[in-house]
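Worksheet: the structure to be examined is printed underneath.
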Amino acid sequence: MQKYGTRKFALATALASFALFLPPALAASTQDDMRLVRSLPEVNVQSLSGAYLAAKSAQAAGALGVASDYYEKALTIDPSSLPLQREAMFTFLADGRFDRGVELAAKLRDDDDAGKVARIALGMDALRTGAYDAALQNLDLPDSSELDTLLLGQLSAWADAGKGDAGAAIRRLDEISGPPWFAIFNLYQKGLIFMQAGQPDEARRVLKVLLDDRASVQTSPDAYLAAVEALARLEMQAGNKDAAEEALAYGLQVAPTYDPILFLERQLDAGEAATPTVQTPQQGASEVLYTLGQAINRGDGRDVALLYFQLADAVSETTSDKLVTALAGVAEQGERVDQAIAYYDRIPEDSPYRRTATLQKGLDLWFADRKDEATTVLETAIQTYPDDLQAHLAFADVLTAGKNYSRAAEVLEKAVELAPEDGPQNWNIYYQRGIAYERLKEWDKAEPNFRKALELSPDQPQVLNYLGYSWVDMNRNLDEGLDLIRKAVELRPNDGYIIDSLGWAYYRLERFDDAVEQLERAVLITPSDPTINDHLGDAYWRVGREREARFQWQRALDGNPAPEDELVAKIEKKLDSGLPSVADDPELNHTPKAAPGDRASADAPGVSEPDDNTKPN
């Protein structure tokens, strides 16, 4: 939701201490934690100061599981320390150790610094146990921000519903005052409360109001699609097939490939029963936390979203597949791929979220350097989902990253067939296929794909850079090629790799002064890249700045990441004897290539590896 992108929330302020210790990932798997704590300082954890320092260091490294263990140790040494209790409570809640966090929350309910978080945790604990009066008492917090007002009001409404007073719950939602974007969230919760209270006609009425307001999709696609599901499930339970189809049509118009909607459509066609979205007040409270968490799960709101997801998991008696998927996504954002994979493995085979889980697991396995497993998972995925475009694109990603260009080209051929229409959104398929063919030295097949990508979306800097540099590298269409690279630089003026392409193109065209100017810019933006430093060294040599050239070559050797072995050998030779004469330099385009495509431009900056869009995220 755009409105949340740069805002600060009162709840986030109340969680200021919490945010200091919350890494951008979930705490959990031992493998993840061990990777994160390898660089922690060695301390004597048998002392209070040592255990505390170890906990803080683990938090800073993102290893919440380890941090929680160290806080437990510190609390056994000094169980009465308020600062220690505060920090431990925040960490336990972030780590998913809800019961332990609630124990400390009971001690900190009236604490000036941690009382707000403590009362929210106590309110969630009361909700999950059915102590609805206690929940209402704990959730009655003063000085709330807009987001706090919405969250606490909706959670309190579910406590009212738990007491059997649906009328009070609806009145509470009606009394929540705030900006216009409140409406979609309140209407959705009203619909769920009416359904849970056995008032289907009222549920239909409010959910139709929500779905008829297409502007609400921009506010929260997740809430809109959840409302589609809720209404479709209600109609399916009532045996109203036409009404269920009408409800699903709202979702398919917005997201035609959204798995949960397609899953319900298949159930409807098969005459199968559908369960309600929410059956208990606990599930309702969990849905509140999930929906609002998804709305703020980006940028500055991600830390608070993580807390919402953890509380949603704690309050409900069962964890929904969509919540598990959300938790996996948070883990991925923090590069805790083992934890993400563990979450995806929890999604059952018959779940509408299984396809997404399988594809993301495959990409995560690749990211975790478990490449054989990743390839197996994604190859199985295209067999399981033979008509699924995303499965083919994910498999092509890892094949390209693994330099299996022949197989990648085959998979992308199928992806082009599966693409629903020849629209702008398909530019990347042709771009990826062009890369595969270019690497296979089949330029006659590669060039039409790059041209098609630009036809579909003319301002894609990756494509402009790749095609333009390829032409320059082959001594073809030189003016047009330079124009494409310059346009890519205009579109991404702070991209060191694309600027390096422009500088290296000038170098190949023997415009050495222009090359130096651009390559110096590229090095300023991306100072540690070995290839860019090597290119600048070459350009310096050609303009007579030989000492600076040797400095750049040495810097390329010492760079992080380290250069490839082939580049190391080239640089060491240049450090020993410099560059050959201009006439003898094979890097320069003073003579045409024997034939286009005789060699792939695999040494080109910004081209030597696939663009980020061709690699698993």
Side-chain angles (χ1 to χ4, degrees), residues 1-20 22 24 90 93-94 105 113-124 127 135-136 138-160 169 172-190 192-193 210 213 215-227 284-315 322-323 326-327 329-330 333:
M1 194 162 77
Q2 293 292 332
K3 298 179 182 179
Y4 291 148
T6 58
R7 299 187 53 188
K8 300 292 183 182
F9 313 116
L11 180 56
T13 302
L15 296 176
S17 300
F18 171 78
L20 290 175
L22 183 64
F90 298 142
L93 293 175
D113 295 324
K116 191 169 189 177
V117 178
R119 287 183 61 176
I120 292 172
L122 292 169
M124 293 300 95
L127 260 172
L136 289 169
N138 280 300
L139 295 173
D140 184 13
L141 297 172
D143 303 323
S144 295
S145 71
E146 288 179 352
L147 184 62
D148 297 345
T149 297
L150 185 61
L151 170 71
L152 298 173
Q154 291 188 348
L155 291 174
S156 297
W158 277 107
D160 289 327
R172 188 184 295 276
L173 292 176
D174 286 335
E175 291 168 0
I176 297 176
S177 60
W181 55 265
F182 275 23
I184 181 173
F185 300 104
N186 280 332
L187 285 170
Y188 177 49
Q189 294 303 323
K190 282 184 184 180
L192 296 182
I193 287 172
L210 189 164
D213 180 11
S216 62
V217 178
Q218 302 302 319
T219 303
S220 176
D222 293 280
Y224 189 90
L225 292 172
S286 182
E287 189 70 10
V288 168
L289 290 157
Y290 168 81
T291 306
L292 292 180
Q294 285 289 65
I296 62 173
N297 189 20
R298 58 183 61 86
D300 293 341
R302 186 167 286 125
D303 292 344
V304 181
L306 171 60
L307 178 62
Y308 285 13
F309 294 151
Q310 291 286 36
L311 294 177
D313 189 28
V315 73
K322 66 181 180 181
L323 180 56
L327 290 170
V330 176
Q333 289 293 327

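Heavy-atom basis, side chains included; hydrogens, waters and symmetry copies ignored. These numbers were taken from a predicted model, which means no experiment stands behind them.
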Check for a donor-acceptor pair, side chain of Q310 on one end and backbone N or O of A94 on the other, with a separation under 3.5 Å. yes
Are Y188 and E287 linked by a side-chain donor-acceptor pair shorter than 3.5 Å? yes
Do the side chains of V288 and Y308 get nearer than 4.5 Å, heavy atoms only? no
Would a distance-only check, ignoring hydrogens and angles, find a side-chain to backbone donor-acceptor pair under 3.5 Å from E146 to F182? no
Determine, for D148 against K116, whether the closest basic-nitrogen to carboxylate-oxygen distance falls under 4.0 angstrom. yes
Apply side chain to side chain donor-acceptor pair (under 3.5 Å) to Q189 and W158, showing your working. CA-CA 9 Å; Q189 294 303 323; W158 277 107; 2.8 Å; yes
Which heavy atom in I193 sits nearest to a heavy atom in A157, and how many Å separate them? CD1-CB, 4.1 Å
Please test L152 against D140 for side chain to side chain contact (heavy atoms under 4.5 Å, CB included), starting from the C-alpha separation and ending with a verdict. CA-CA 8 Å; L152 298 173; D140 184 13; over 6 Å; no
Rounded to the nearest 0.5 angstrom, the CG-OG distance for L150 and S177 is 10.5 Å
Verify side chain to side chain contact (heavy atoms under 4.5 Å, CB included) between F185 and T219, making sure each step is shown before the conclusion. CA-CA 9 Å; F185 300 104; T219 303; 4.2 Å; yes
Look up atom CG in L187 and atom CG in L192, then write down how far apart they are to the nearest 0.5 Å. 11.0 Å
Partners of D174 by salt bridge (charged side-chain N to carboxylate O under 4.0 Å, His left out), sequence neighbours excluded? K190
If you take all heavy atoms of T291 and A223, which pair is closest and at what distance? CG2-CB, 3.7 Å
Closest non-hydrogen atom pair, N138 against R119: O-NE, 3.3 Å
Run the side chain to side chain contact (heavy atoms under 4.5 Å, CB included) test on N297 and Q333 for me, step by step, so that the C-alpha distance in whole Å, both residues' side-chain angles and the decisive distance to 0.1 Å come before the verdict. CA-CA 10 Å; N297 189 20; Q333 289 293 327; 5.9 Å; no
Is the backbone of D213 close enough, under 3.5 Å, to the side chain of S216 for a donor and an acceptor to pair up by distance? yes
For the pair L139 and L122, evaluate side chain to side chain contact (heavy atoms under 4.5 Å, CB included) and give the outcome as yes or no after the intermediate values. CA-CA 8 Å; L139 295 173; L122 292 169; over 6 Å; no
If you define the side chain from C-beta out and look only at heavy atoms, does anything of L307 sit under 4.5 Å from F90? no
Look up atom CG in L210 and atom CD1 in I184, then write down how far apart they are to the nearest 0.5 Å. 4.5 Å
What distance do L311 atom CG and L155 atom CG have between them, rounded to the nearest 0.5 Å? 9.0 Å
Closest heavy-atom pair, A135 versus G123, reported as atoms and distance to 0.1 Å, is CB-O, 3.8 Å
Using side-chain heavy atoms (C-beta onward) and a distance below 4.5 Å, is L289 in contact with M124? yes
Could you tell me which non-hydrogen atom of Y290 sits nearest to which non-hydrogen atom of F309, and how far apart they are? O-CE2, 3.7 Å
Taking all heavy atoms of S286 and all of A312, pick out the closest pair and write down the distance. OG-O, 2.9 Å
Taking salt bridge (charged side-chain N to carboxylate O under 4.0 Å, His left out) as the test, write out the residues that go with R172, two or more places apart. D160
